[in-house]
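Worksheet: one structure, shown below.
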Amino acid sequence: MLDIQFVRDNPELVQEKTKQKGYDVDIAKLLKLDSERRARLTQIEELRRRRNEQAETTKGQKPSEEQLAVGKQLKEELARHEADLQQIDTDYLALLKAVPNMPLDDVPVGLSEKENKVTKKVGEQKTYDFQPKPHWEIAEPRGLIDKERAAKISGSRFAYIKGDLVRLQFAVIQFVLQTLGDEKIIRKLIQENNLKLAVKPFTPVLPPAVLRTEPYAASARLNAEEVTYRLANDDLWLNASAEHTLCTMYWNEILPEEMLPIRYVGYSTSFRREAGTYGKDTEGIVRMHQFDKLEMEVFSTPETGLDEHLLLVAVQEYLVQQLGLPYQFLLKCTFDIGKPNARGIDIECWFPGQNRYIETHTADFITDYQARDLKIRVRRQDGNLDLVHTNDATAFALGRILAAIIENYQTADGRVRVPEVLIPFMGDIREL
RNA sequence: GGAGAGGUGGCCGAGUGGUUGAAGGCGCUGCUCUCGAAAAGCAGUGUGCGGGCAACUGUACCGAGGGUUCGAAUCCCUCCCUCUCCGCCA
């Protein structure tokens, strides 16, 4: 959530930017609740002070009739005010949490994804001397993907991934872990982008795939209506990204400044209900209820938050370039970046078999929006406390990137060449 | 699944109704001592929220939420979590 002090100081700005993100929150009402809340709190604290004072003077002895009467009256008054406060508090918090994070100034203003700006196109779209096929037309006949049987067992939007395509997935994983663990590469990316950041490789993490309601809700990532699966008999949700169990990892913790930045690359199977996407991307494996994903997560000081975001974007581009995939770079508009985001970048890879770009990567700069509710803070060298900044970004969403590889590396005879950088991780296999 | 134990400050650990935000110890910080270090001594050392330019101050917090009471870490209720043993299982 946003800092209430910021809202108090900049009500018009907050209202404006909230609108720009397509959210309808009554900021004036929020501020009214805020001041009511504070007024009520002051009254309550005064009553409590008097109660404490009395308890102090009667310690160890039986209170007089008169003191009992005063105490009872205080109690009644308190109960009344506290009931009011509880209601105000509930409304206040609901409204405050409804306010999205403020977009940075370079985020294009727009109320539909059409306003996303393509800021650059990289890599040549290969020309084929045959009609390139979509990935499912290559993979399904060859038994690399079986969605039909998966549908029988699990329903639509599930798949059995099989054979060398599985090997390819594990090769991608190995490639990413090696790349993100390589100090030289991290240093190079930091230098090339003039970032003021520590050279520190990413630590691989296998996080839990499920999490409880309380931390999930605090992460501002729980979306019960459209995205998140819940387990019927437990207070547990299936994560929709490793990000969800990574960003919550330091829930309610104060981190020493020396620990930062913390750079993780998490690997997890991710689950999404995809409610409201019926009929969209029904073929192939680009939109599934279940997919594996490598996700980067960074905790940093507030000063370095933006640079960490830029580093993650640089890492993403590097990874995509290494795979030799043509892509375009999207600066997402206010509507599309998501509620907790201050800025959001997408990378869309070219899918020649479908003759279109498809989103394969997202980088989210969250500032302190998540950390405030998650209560993740940094103890500065001087002893002060600050909220950390969180950043998350896709390394590779395996389903989509396998599909992109299949389509870009397909051959005339319906096979798939293995991208150069993956060959060392594929044994002798050079072609699927 | 069965049985049991337990959740208190950065850590360990006291504390069953009233100077307990919390004994004691450890750790950490500062000072004294020292050429320096260690030891010793002294002092300090949580977080949120409200108020204040600030020093500071009020309030809340002993797993969570309710309740009893003039007053709750302490009594009652509900829930959550952790650990141990047995069973089952990758």
Side-chain angles (χ1 to χ4, degrees), chain A residues 1-9 30-97 99 206-219 222 230-237 245 248-260 262 267-269 368-388:
Chain A
M1 59 188 170
L2 223 51
D3 182 4
I4 186 62
Q5 190 58 51
F6 181 81
V7 183
R8 285 175 199 147
D9 295 342
L30 171 62
L31 288 176
K32 187 161 164 283
L33 282 169
D34 173 46
S35 75
E36 274 176 30
R37 181 178 166 276
R38 282 191 284 170
R40 197 58 64 116
L41 205 55
T42 307
Q43 289 175 308
I44 287 174
E45 290 187 353
E46 170 61 17
L47 289 169
R48 283 178 181 159
R49 190 191 60 74
R50 281 160 58 191
R51 184 185 67 187
N52 291 345
E53 202 172 61
Q54 167 147 316
E56 184 92 355
T57 57
T58 58
K59 61 177 175 187
Q61 44 181 299
K62 236 186 163 150
S64 67
E65 283 303 314
E66 198 184 329
Q67 285 169 323
L68 285 181
V70 172
K72 272 189 177 149
Q73 203 201 325
L74 282 173
K75 184 180 168 177
E76 278 166 28
E77 238 180 295
L78 256 176
R80 224 172 35 243
H81 282 96
E82 279 171 346
D84 288 351
L85 178 66
Q86 198 165 30
Q87 187 56 54
I88 294 169
D89 229 17
T90 306
D91 298 346
Y92 161 78
L93 209 59
L95 214 50
L96 180 57
K97 287 193 181 193
V99 181
L206 287 174
V210 298
L211 64 164
R212 299 190 205 135
T213 303
E214 201 185 348
Y216 211 163
S219 76
L222 180 58
R230 188 176 53 220
L231 300 188
N233 296 322
D234 299 279
D235 176 32
L236 289 173
W237 304 77
T245 36
T248 46
M249 190 171 175
Y250 296 105
W251 183 40
N252 284 327
E253 291 193 37
I254 295 171
L255 310 171
E257 187 165 0
E258 310 86 75
M259 245 174 107
L260 302 181
I262 296 169
Y267 175 75
S268 176
T269 300
D368 60 9
Y369 190 89
Q370 265 183 337
R372 181 165 294 106
D373 218 4
L374 282 170
K375 298 184 178 66
I376 304 177
R377 288 158 293 174
V378 49
R379 171 81 63 191
R380 311 309 293 249
Q381 309 279 2
D382 64 9
N384 286 332
L385 283 179
D386 287 309
L387 292 165
V388 302

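Protein chains get the first letters and strands the later ones, always in sequence-line order, with residue 1 at the start of each. Because the structure is predicted, anything quoted here is derived from the model rather than measured.
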Subject >> Integer angstrom distance from the C1' of rC89(B) to that of rU16(B) >> reply: 42 Å

Subject >> Residues in salt bridge (Lys or Arg N to Asp or Glu O under 4.0 Å) contact with Asp34(A), at least two apart in sequence or another chain >> reply: Arg8(A), Arg38(A)

Original post:
C1' atom, rC79(B) versus rC26(B): distance in rounded Å?
Top reply: 34 Å

**OP:** Return the nucleotide paired to rG87(B): Watson-Crick means purine N1 to pyrimidine N3 with N6-O4 or O6-N4, wobble means G-U with N1-O2 and O6-N3, both under 3.5 Å.
**Re:** none

Original post:
When you match Asp34(A) and Gln86(A) each to their closest nucleotide on RNA chain B, which lands nearer the 5' end?
Top reply: Asp34(A)

Original post:
Considering only the C1' atoms, how many Å lie between rC56(B) and rG65(B), rounded to the nearest integer?
Top reply: 34 Å

**OP:** May I ask which nucleotide in the shown strands pairs with rU45(B), Watson-Crick or G-U wobble, both distances under 3.5 Å?
**Re:** rG27(B)

**OP:** Could you please name the option among rA60(B), rC49(B), rU47(B) that lies closest to any side-chain atom of Asn52(A)?
**Re:** rA60(B)

Original post:
Taking the same atom, P, in rC62(B) and in rU74(B), what whole-Å distance lies between them?
Top reply: 8 Å

**OP:** Answer yes or no: does atom CD of Glu257(A) have more than 12 heavy-atom neighbours from other residues, nucleotides or ligands under 6.0 Å?
**Re:** yes

Original post:
rC77(B) and rU20(B): how far apart are their P atoms, nearest whole angstrom?
Top reply: 29 Å

Subject >> Side chain of Arg51(A) - closest among rG46(B), rA60(B), rG50(B) >> reply: rA60(B)

**OP:** Please tell me which of the listed nucleotides, rG50(B), rU69(B), rU59(B), lies nearest to the side chain of Arg48(A)?
**Re:** rU59(B)

**OP:** Report the distance from atom CG of Asp89(A) to atom P of rG65(B), rounded to the nearest whole Å.
**Re:** 12 Å

**OP:** Rounded off to whole Å, could you give me the CG-to-P distance for the Leu85(A) and rC49(B) pair?
**Re:** 15 Å

**OP:** Side-chain contact test, heavy atoms from C-beta onward, threshold under 4.5 Å: evaluate it for Leu30(A) versus Tyr92(A) and give yes or no.
**Re:** yes

Subject >> Check: Gln370(A) side chain, Ser219(A) main-chain N or O, donor-acceptor pair, under 3.5 Å >> reply: yes

Original post:
rA60(B) P sits how many Å from Arg40(A) CZ, rounded?
Top reply: 18 Å

Original post:
Which nucleotide, in any strand shown, forms a Watson-Crick or G-U wobble pair with rC33(B), with both distances under 3.5 Å?
Top reply: none

**OP:** Using atom CG of Leu41(A) as one end and atom P of rG52(B) as the other, report the distance to the nearest whole Å.
**Re:** 13 Å

Original post:
Which sits closer to the 5' end of RNA chain B, Arg212(A) or Glu46(A), going by the nucleotide each is nearest to?
Top reply: Glu46(A)

**OP:** Could you check whether Leu385(A) gets within reach of a base, just the sugar-phosphate, or nothing at all, counting any heavy atom under 4.0 Å?
**Re:** sugar-phosphate

Original post:
Under a 3.5 Å cut-off for both distances, is rC62(B) Watson-Crick or wobble paired, and to whom?
Top reply: none

Original post:
For rA72(B), which nucleotide is its Watson-Crick or G-U wobble mate, given both distances must be under 3.5 Å?
Top reply: none

Subject >> Phosphate contact (rU47(B) OP1 or OP2) by Lys375(A) side-chain N/O below 4.0 Å >> reply: no

Original post:
Rounded to whole angstrom units, what separation is found between the CD atom of Gln5(A) and the P atom of rG48(B)?
Top reply: 15 Å

**OP:** Decide yes or no for Val210(A) and Trp237(A): does some side-chain heavy atom of the first lie under 4.5 Å from some side-chain heavy atom of the second?
**Re:** no

Subject >> Nearest-neighbour nucleotide for the Arg38(A) side chain, rC70(B), rG48(B), rG51(B) considered >> reply: rG51(B)

Subject >> Watson-Crick or G-U wobble mate for rA22(B), both contacts under 3.5 Å >> reply: none

Original post:
If you look at every strand shown and take non-hydrogen atoms under 4.0 Å, does Arg379(A) touch a base, only sugar-phosphate, or nothing?
Top reply: sugar-phosphate

Original post:
Asp3(A) has an atom CG; how far is it from atom P of rG48(B), in whole Å?
Top reply: 12 Å

**OP:** For rA5(B), give its Watson-Crick or G-U wobble partner with both distances under 3.5 Å, or none.
**Re:** rU82(B)

**OP:** Would you please name every residue forming a ring pair (Phe, Tyr, Trp, His ring centres under 6.0 Å) with Tyr250(A), sequence neighbours left out?
**Re:** Phe299(A)

Subject >> Whole-Å P distance, rA90(B) and rG4(B) >> reply: 28 Å

Subject >> Sub-4.5 Å side-chain heavy-atom contact between Arg377(A) and Asp386(A) >> reply: no

**OP:** Can you tell me, in whole Å, how much space there is between the C1' of rU47(B) and that of rG21(B)?
**Re:** 11 Å

Original post:
Mind checking the P distance from rU19(B) to rU59(B)? Whole angstroms is fine.
Top reply: 14 Å

Subject >> Arg48(A) atom CZ: more than 12 heavy-atom contacts under 6.0 Å >> reply: yes

Original post:
Now, which nucleotide makes the Watson-Crick or G-U wobble pair with rA14(B), with each of the two distances under 3.5 Å?
Top reply: none

Original post:
Rounded to the Å, how far apart are Leu78(A) CG and rG58(B) C1'?
Top reply: 14 Å

**OP:** Determine the contact category for Lys72(A): base if any of its heavy atoms lies under 4.0 Å from a base atom, sugar-phosphate if only primed atoms, P, OP1 or OP2 are that close, otherwise nothing.
**Re:** sugar-phosphate

**OP:** Take atom CG of Leu231(A) and atom P of rC80(B), then tell me their distance rounded to the nearest Å.
**Re:** 15 Å

Original post:
From rG50(B), rU59(B), rC70(B), pick the nucleotide closest to the side chain of Arg8(A)?
Top reply: rG50(B)

